[in-house]
Structures are given as structure tokens and as C-alpha cells.
> 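Questions regarding the structure given below will be posed in turn.
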Amino acid sequence: MTNAVANLQTALQQAMVGRPKAGGFPYLAETLRRAEVRRNRWALPSCQSTYWTGLGAVVMQGQPLALGALEVPPFDEEALVAALRRDQAGEGSFPEFLAAAWRAGVIDYDVDFEGRTVTYRGASGESYVEAYPAVDVP
């Protein structure tokens, strides 16, 4: 295991231990930022996640939401925001959020840990940017 992989895995484990159920993303993001993770991109529906860290880039392959040839759903900002609010309220699991984002037409999203923003993108160039708050992590 490389230092980049070990560092990322340790940070993810630490974030899951103290992360609150509601409003947990800023806690996770701050834990990763402190571990020198600068950026994270999720590709949907493949659920491939790439992390750019101070020690190198790390890719993680999650369970895909679907397989085969698929038509990309149209970008639906209202449905995306509803999925975000459910997730922020602690309602549902992360895989459920990813599936809802995909159904809302999100093909990828980028987390900028320094700028504290997440940019969600659709297949035709649409985007929705949401800022998240800074939090204190013990």
C-alpha cells in the first residue's frame, strides 16, 4: 500500500468515526482537507472516485449504479437539490444519494476542499455549484 492510499484510507476512517448523521459532509470534507486531500471527483453511474492529495492521486472504484449502455437522464437541478437536502438531513445512505444524483442527470461532481464547494455537472454542460460551511473537527 502506498503512502497516498494509506493516508486517504486513514482519513476516511477517522471521518466516519466522528461524522454526525445530519450535516456530516462538511465534517468529512474537513477531515480530508486536513489530510492534504485537495480535490475529489465522483463519476456517475460508475461510482469511480478520484482523490488528488499531497501524496499523489488515488482512485477508488465503488459499486456501479448501473451497467451497460444507458441514456443519461436530463439534468434536473430541482431534483438534485432535493437529493442534497435529504442527504444533508441524514435521510438515506450515500449510495442512495449517488443514485438520486444520477437520476437528476449528474454525470460527475467535483469537491474542492480548499474552496469548500461542490460542482455537479450534467452531460450537456449544465452545472450546479453548492458551497458548504467550514466546521471544527477535533
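Heavy atoms only: backbone and side chains are in, while hydrogens, waters and symmetry mates are out.
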> Do any N or O atoms from the side chain of Q13 and from the backbone of A11 form a donor-acceptor pair under 3.5 angstrom?
no
> Do V129 and I107 share a hydrophobic cluster, counting only Ile, Leu, Val, Met, Phe, Trp and Tyr and linking them when any side-chain heavy atoms are less than 4.5 Å apart?
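In one cluster: no.
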> Do W102 and F97 have their ring centres less than 6.0 Å from each other?
no
> Is it true that Y128 and E130 share a donor-acceptor pair across their side chains at a distance under 3.5 Å?
yes
> Is there a chain of hydrophobic side chains (I, L, V, M, F, W, Y, each step under 4.5 Å between heavy atoms) that links V137 to V111?
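Unlinked, V137 and V111 end up in two clusters.
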> Shortest non-hydrogen contact from G115 to D112?
N-OD1, 2.9 Å
> Can you confirm whether M60 sits close enough to L8 that some side-chain heavy atom of one is under 4.5 Å from a side-chain heavy atom of the other?
yes
> Membership question, hydrophobic clusters at under 4.5 Å side-chain separation (ILVMFWY): are L65 and L70 in the same one?
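Shared cluster, yes.
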> Evaluate R121 against E126 for side chain to side chain contact (heavy atoms under 4.5 Å, CB included), listing each step before the verdict.
CA-CA 6 Å; R121 285 183 288 277; E126 312 93 337; over 6 Å; no
> Between N40 (side chain) and T50 (backbone), is there a donor-acceptor pair under 3.5 Å?
yes
> Rounded to the nearest 0.5 Å, how far apart are CZ of F113 and CD of E36?
13.0 Å
> Should the pair R39 and W52 be classed as cation-pi, given the thresholds of under 6.0 Å to the six-membered ring centre and 45° from the axis?
yes
> Using a 4.5 Å cut-off on heavy atoms from C-beta on, say whether the side chain of C47 contacts that of Q63.
no
> Report yes or no: does E91 contribute a side-chain atom to a donor-acceptor pair with the main-chain N or O of R85 at less than 3.5 Å?
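Looks like no, no N/O pair under 3.5 Å.
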> Around Q61, counting heavy atoms of other residues, nucleotides and ligands shown, do more than 12 lie under 6.0 Å from its CD?
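For Q61, atom CD is crowded (more than 12 foreign heavy atoms under 6.0 Å).
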> At what distance, to the nearest 0.5 angstrom, does CZ of R38 lie from CG of L32?
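Going from the CZ atom of R38 to the CG atom of L32 covers 13.0 Å.
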> Please test L98 against L44 for side chain to side chain contact (heavy atoms under 4.5 Å, CB included), starting from the C-alpha separation and ending with a verdict.
CA-CA 8 Å; L98 293 176; L44 300 179; 4.0 Å; yes
> Which heavy atom of V135 sits nearest to which heavy atom of P26, and what is that distance?
CG2-O, 3.4 Å
> At their closest point, which heavy atom of A100 faces which heavy atom of A83, and how far apart are they?
CB-CB, 3.7 Å
> I'd like to know if the side chain of N7 reaches the main chain of A35, judged simply by a donor and an acceptor atom lying under 3.5 Å from each other, with no hydrogens or angles considered.
yes
> Using the side chain to side chain contact (heavy atoms under 4.5 Å, CB included) rule, take Y132 and V118 through it: C-alpha gap first, then chi angles, then the decisive distance, then the call.
CA-CA 8 Å; Y132 61 88; V118 185; 4.1 Å; yes
> Might you point out which heavy atoms bring Y109 and F94 nearest each other, and give the distance in Å?
OH-CZ, 3.5 Å
> Give the intermediate values and the outcome of side chain to side chain contact (heavy atoms under 4.5 Å, CB included) for residues V106 and L80.
CA-CA 8 Å; V106 173; L80 171 60; 3.9 Å; yes
> Would R86 and E96 count as a salt bridge (Lys or Arg N to Asp or Glu O under 4.0 Å) here? Give the steps.
CA-CA 10 Å; R86 279 191 306 275; E96 290 170 332; over 6 Å; no
> Going by heavy atoms in the side chains, are Y27 and P20 under 4.5 Å from each other?
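Result yes, sub-4.5 Å side-chain heavy-atom pair found.
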> Should Q88 and F25 count as side-chain neighbours, where that means a heavy-atom distance under 4.5 Å?
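The answer is no; the side chains never approach within 4.5 Å.
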> Is a donor on one side and an acceptor on the other found under 3.5 Å between the side chain of T53 and the backbone of L55?
yes
> Measure the CD-CG distance between E77 and L84 for me, rounded to the nearest 0.5 Å.
10.0 Å
